[in-house]
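Values in this document were obtained by computation on a predicted structure and should not be read as measured data. Residues take their numbers from the sequence shown, with the count starting at 1. Side chains included, hydrogens not; waters and symmetry mates left out as well; all remaining heavy atoms used.
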Amino acid sequence: MTRAIIVGAPRSGSGKTSVTIGILRALARRGLKVRGAKSGPDYIDPGFHTAATGLSGVNLDSWAMPPALLNALAGDATEDADFVFLESAMGLFDGIPAAPGRTGSAADLARLYGLPVLLVLDVSGQSTTAAAVAKGFATYDPGVRMAGVVLNRLGSERHRRLCGDAIEAIGLPVVGAILRDPSLNLPERHLGLVQAGEYENLMVHLDRLADTVERSLDLDAVMALAAPFAPASGSFDDALPPPGQRIALAEDAAFTFLYPHVAAYWRKAGAEIVAFSPLADEAPSDSCDVCWLPGGYPELHAGRLAAAANFRAGIEAFAATRPVHGECGGFMVLGEALEDASGETHRMLGLLGHATSFAKRKMNLGYREARLRADCPLGAQGTLIRGHEFHYAQMIATGSDEPLADLADGQGNPLGASGYRRGHVSGTFFHAIARGERREARA
């Protein structure tokens, strides 16, 4: 029986990602089969989970995924795994106002699957007050059980005693205490952590995190806190179907943001993914019947993309007869131009008429619900898609293409038309996660 635990914290930046990765890597080095999972819409952390364990990571999102799909993905996560460590996004209880159990928070998953929480507390700048924070977590929601605490960013042994003794006095075991060490921090950029695939010495860093966890945590106690993980049977009926039988997928440092569960289901459904690199001036294979440009960091590579003549010619020829879809960064590249952070404008593919700017930054963040106005690789006209938007680029020219979808936020508030389509080409700023329940699509 697979056992699991949720790694949560009061907020982002508490160190839960480093703790999670360190635990995963340390247990994998012991020969255990461990898998990482991430609550909510994160396409970067699962890459670190996969690198640390050798088993693919997965997102579990209680808002974006219908319950049957959530259970199906959770069930798959238990396959060939002794333990699953489910890392919370943001704070443990952070989600959006929604129906009970559908807020997108990690706490939803704790209640649904009866999983205990390993609470990571950044105790820098406090001592016994940490016990008040821990008690708040322990009593806030009777359906979410705190099983143990890891103290992070301690300044000294005395600091550890002050925090740890106070927390254990309220009945919560302290199973780890990590001294402050800035060298353990994972480097970040504007959309989150620098991606796992960009490290030249990734495994060296992951092993350093594992060494720290081995020294600082009682891993046997952590494993003992985990509970049996046996999700109810589920269904992939609301998973995003493969957009084609052979999918040309842009994949390099500029195009990396595809949720692991999306690609995994495409393969499960019998599709073949054929990767190509626009940064290496590669074109989509002519053997494919659809091309997908995922999100990523095109704003960091705009000059190279603009100079990639073979990529440009190849995708123009592809789009003349077959569907091409772009999400977020891919959508930006499909447009006429991209202004980088320095204010320099670079010519993009021009398959859609809009232009975007990373020099004029404004954060766009939140869950999205989209009703498709026309058939496209995301689905048929009228299909309801749930997803997420997170970018700093702004539209500086809209062009004259037809809108792709009618958009709402996570609470159903209309946001107007979104995305564009022209011929076989379509694109959106939001990343699709799953189809909305079919009863919603008929409403």
Side-chain angles (χ1 to χ4, degrees), residues 3-27 34 36-39 45 83-94 105-107 109-111 113-181 184-185 209-227 229:
R3 300 176 68 83
I5 194 167
I6 291 176
V7 182
R11 58 175 174 81
S12 295
S14 299
K16 62 182 179 296
T17 297
S18 293
V19 170
T20 302
I21 295 169
I23 292 173
L24 290 172
R25 183 63 187 152
L27 296 183
V34 287
K38 180 78 177 188
S39 75
D45 290 356
F83 289 92
V84 174
F85 285 82
L86 203 167
E87 181 191 343
S88 166
M90 302 175 61
L92 178 69
F93 295 99
D94 293 335
S105 72
L109 303 175
R111 291 186 216 95
Y113 298 121
L115 298 181
V117 175
L118 180 64
L119 184 62
V120 178
L121 293 181
D122 176 355
V123 295
S124 56
Q126 61 182 196
S127 59
T128 53
T129 298
V133 177
K135 185 170 184 178
F137 271 79
T139 59
Y140 178 72
D141 185 337
V144 180
R145 180 173 65 88
M146 302 301 122
V149 175
V150 172
L151 304 175
N152 196 27
R153 299 183 182 133
L154 288 159
S156 65
E157 176 61 24
R158 178 175 178 272
H159 191 193
R160 185 202 66 77
R161 287 197 306 272
L162 288 170
C163 298
D165 290 353
I167 289 171
E168 293 199 322
I170 65 169
L172 277 177
V174 174
V175 294
I178 302 174
L179 291 172
R180 191 180 302 120
D181 183 354
L184 296 175
N185 296 339
L209 289 175
D211 292 343
T212 298
V213 161
E214 290 275 12
R215 290 193 304 269
S216 308
L217 273 64
D218 183 342
L219 285 176
D220 290 332
V222 170
M223 288 188 285
L225 295 176
F229 188 23

Run the side chain to side chain contact (heavy atoms under 4.5 Å, CB included) check on L92 and M146 step by step: do they pass? CA-CA 11 Å; L92 178 69; M146 302 301 122; 3.5 Å; yes
Closest heavy-atom pair and its distance - [X], [Y]:
X    : Y    : result
G8   : V117 : N-CG1, 4.1 Å
G114 : A227 : O-CB, 4.0 Å
A130 : L121 : O-CD1, 3.9 Å
A110 : V144 : CB-CG1, 4.0 Å
V123 : C163 : CB-SG, 3.9 Å
P116 : A147 : CB-CB, 3.6 Å

Atom [atom1] of [X] and atom [atom2] of [Y]: how far apart are they, to the nearest 0.5 Å?
X    : Y    : atom1 : atom2 : result
D94  : R11  : CG    : CZ    : 11.5 Å
L154 : S127 : CG    : OG    : 11.0 Å
D181 : N152 : CG    : CG    : 10.0 Å
I178 : R215 : CD1   : CZ    : 9.5 Å
E168 : R161 : CD    : CZ    : 13.5 Å
D45  : I21  : CG    : CD1   : 6.5 Å

Minimum side-chain heavy-atom gap [X]-[Y] below 4.5 Å:
X    : Y    : value
T17  : K38  : yes
V175 : V150 : yes
I167 : L151 : yes
L118 : I23  : yes
L179 : S216 : no
M223 : L27  : yes

Quick one: does [X]'s side chain have a donor or acceptor within less than 3.5 Å of a partner on [Y]'s backbone?
X    : Y    : result
D122 : G15  : no
K16  : L119 : no
R3   : A226 : yes
S39  : A89  : yes

Please collect all ring pair (Phe, Tyr, Trp, His ring centres under 6.0 Å) contacts where either partner lies in residues 113-133, sequence neighbours excluded, each pair once.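 The answer is Y113-F229.
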Please evaluate residues R111 and D141 with respect to the criterion side chain to side chain contact (heavy atoms under 4.5 Å, CB included), reporting the C-alpha separation (whole Å), side-chain torsions for both, the decisive distance (0.1 Å), and the verdict. CA-CA 10 Å; R111 291 186 216 95; D141 185 337; 2.8 Å; yes
Applying ring pair (Phe, Tyr, Trp, His ring centres under 6.0 Å), can you list everything that pairs with F137, at least two apart in sequence or on another chain? F93
